Protein chains: 2
Amino acid sequence: MRRIADQIGYTATAIYHHFADKDALLNELCLNDFRALGEALRQMEQLPDPIDRIRAMGVNYIKFAVNHPEQFRFMFLVERPIPGPDVITIDPAEDGYAFLLANVHEAMERGAFLPAFTDAELLAQIFWGSVHGLAVIHVTKPRDGIHPWLDLREPGESAEAMVDVVCRGVLKSTSA
Amino acid sequence: MRRIADQIGYTATAIYHHFADKDALLNELCLNDFRALGEALRQMEQLPDPIDRIRAMGVNYIKFAVNHPEQFRFMFLVERPIPGPDVITIDPAEDGYAFLLANVHEAMERGAFLPAFTDAELLAQIFWGSVHGLAVIHVTKPRDGIHPWLDLREPGESAEAMVDVVCRGVLKSTSA
DNA sequence: TCAGATAACCTAACGTCGTTAAGTAACGTG
DNA sequence: CACGTTACTTAACGACGTTAGGTTATCTGA
């Protein structure tokens, strides 16, 4: 708070006339980042095939994390009290997960997935979870001083590989 | 520090005779948790097939995270200064990642993977990343107050599904 | 056996942090 | 021009990690 205040040329207490407390401020910044990520993923809307969109989203999700590690950590990894329901102002229309889920539904209607996969939400969570894991690993890299023998692959390389693997695992026909 | 000291019936300053500072103490606790996770994963050693071991490790990794969310967050998600090289005392023999990597190597020698996969390290990171993502999602669940429409599947269900998907994506023959 | 070192622990205090209380200056509205 | 609201200030509180300095117990060696 005091450091933010210094940087913007005010006193720390001035912030409290605009935000209830530190968490409220951080949540606002966090929502901003969520919108940025959502927008980045929504760029894939132009691709005609829903599976291609999902693939591209996966790769770009990791790219976002690697390019904005502070924001990514901030969004997903920093513990903060759950904001009150009134604070949840993020619009599903600009949410990344909602977009992913819509694409899974679309691909499912086209019969792209193996017959075993009928739960779109579960599929979406598998897609998200797989790239989320890689993203988190890359964004918390320094911690792996604990695993000095971990020879981490390039984010781009592992992202492509992960997306390929998961797609081959869920798709009826493996085009790629 | 003060709260820990209270709980163990000492003054806060007493701790500084046993640990250099807060980070040193936390790193020690963290190493403890890493050993616990490593041991949990190493239990799979009894399974004869390396692929079965990898599958079971994936499911148990998520189980560990869900059963010990505090520890898991602590190990992977809490930002802390990188410990000095002298502090890295974790033995590869009791490390989970090293065990995973060894199993990937073993399965690769048996020709279990599709010919495209020749990089054992990359494969290990795909296995780890996929379940790590789900684990992180489940362990940071409260934060998804931001995604109120996210209908999170049961950890066990999504863990099994993830492991199946990734295995189908990398294995030559899909036995399961 | 006893001096001296070492270890384990204490109290007091410092600086930093998030936050609150109380006050002041500027501004828009009747 | 009075008046409430807004934007901001200084001063201070309590909690935190940490340090300095002192006290007591325990162990070691001549």
Side-chain angles (χ1 to χ4, degrees), chain A residues 1-37 68-90 136 139-147, chain B residues 1-37 68-90 136 139-147:
Chain A
M1 288 290 119
R2 288 168 140 106
R3 236 171 299 130
I4 290 171
D6 276 357
Q7 288 221 1
I8 57 178
Y10 289 106
T11 332
T13 56
I15 299 174
Y16 289 83
H17 284 86
H18 304 274
F19 299 94
D21 56 6
K22 190 187 179 188
D23 288 317
L25 169 60
L26 294 188
N27 270 315
E28 204 63 38
L29 294 174
C30 197
L31 274 174
N32 234 36
D33 293 334
F34 267 110
R35 274 187 273 265
L37 174 58
H68 313 283
E70 305 269 322
Q71 284 91 329
F72 190 86
R73 268 196 299 268
F74 193 47
M75 292 160 64
F76 293 109
L77 307 186
V78 174
E79 282 195 75
R80 263 198 304 285
I82 310 153
D86 49 322
V87 187
I88 300 168
T89 52
I90 196 169
V136 168
V139 148
T140 57
K141 205 167 178 174
R143 306 271 307 90
D144 301 55
I146 291 177
H147 304 219
Chain B
M1 287 292 119
R2 289 169 138 105
R3 234 171 302 129
I4 289 171
D6 274 358
Q7 287 223 359
I8 58 178
Y10 290 106
T11 332
T13 56
I15 299 174
Y16 289 83
H17 283 86
H18 304 273
F19 299 94
D21 56 6
K22 190 188 178 186
D23 288 318
L25 169 60
L26 293 189
N27 270 317
E28 205 62 38
L29 294 174
C30 196
L31 273 174
N32 235 35
D33 293 335
F34 267 109
R35 275 187 272 265
L37 174 58
H68 313 283
E70 305 270 320
Q71 284 90 328
F72 190 87
R73 268 196 300 269
F74 193 48
M75 292 160 65
F76 292 109
L77 307 186
V78 173
E79 283 195 75
R80 263 197 304 284
I82 311 154
D86 50 321
V87 186
I88 300 169
T89 54
I90 195 168
V136 169
V139 147
T140 57
K141 206 171 184 170
R143 307 269 306 92
D144 301 55
I146 290 176
H147 303 220

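Note that these values count all heavy atoms, side chains included, but never hydrogens, waters or copies made by symmetry. Nothing here was measured: the structure is a model prediction, and the numbers come from that model. Labels below follow one simple rule: chain letters A, B, ... track the order of the sequence lines, proteins then strands, and each chain is numbered from 1.
Taking every side-chain heavy atom of H17(B) into account, dC10(C) is the closest of dC10(C), dT18(D), dT10(D). Taking only side-chain atoms of T13(B), from C-beta outward, the nucleotide of dT19(D), dT19(C), dA13(C) with the closest atom is dT19(D).
Atom CG in D23(A) sits roughly 17 Å away from atom P in dC17(C) (whole-Å rounding). Between the C1' atom of dT19(C) and the CD1 atom of I4(A) lies a distance of 14 Å, rounded to the nearest Å. Taking atom OH on Y16(A) and atom P on dC17(C), their separation rounds to 12 Å, with Å as the unit. We find that CD1 of I15(B) is positioned 12 Å from P of dC16(D), with the value rounded to whole Å. We find that CD1 of I8(A) is positioned 9 Å from P of dT9(D), with the value rounded to whole Å. A straight line from CG of L26(B) to C1' of dG17(D) spans 11 Å, rounded to a whole angstrom. Rounded to an integer number of Å, the gap from CZ of R3(B) to P of dG14(D) is 17 Å. The nearest whole Å value for the distance from the CZ atom in R2(A) to the P atom in dT10(D) is 12 Å.
In terms of polar N and O atoms assigned as donor or acceptor, the side chain of T11(B) never comes within less than 3.5 Å of the base of dT11(C) in a complementary pairing.
Across all strands, A14(A) comes closer than 4.0 Å to base atoms (heavy-atom distances).
The environment of Y10(B) atom OH is sparse: at most 12 non-hydrogen atoms of other residues, nucleotides or ligands sit within 6.0 angstrom.
Here the two rings, on F76(A) and F34(A), have centers that are under 6.0 Å apart.
Between G9(B) and D21(A), the residue anchored nearer the 5' end of DNA chain C, judged by the nucleotide with its closest heavy atom, is G9(B).
Side-chain contact between L25(A) and M1(A): present, with at least one pair of heavy atoms (C-beta onward) separated by less than 4.5 Å. When side chains are defined from C-beta on, D33(A) does not count as touching F72(A), because their heavy atoms never get closer than 4.5 Å.
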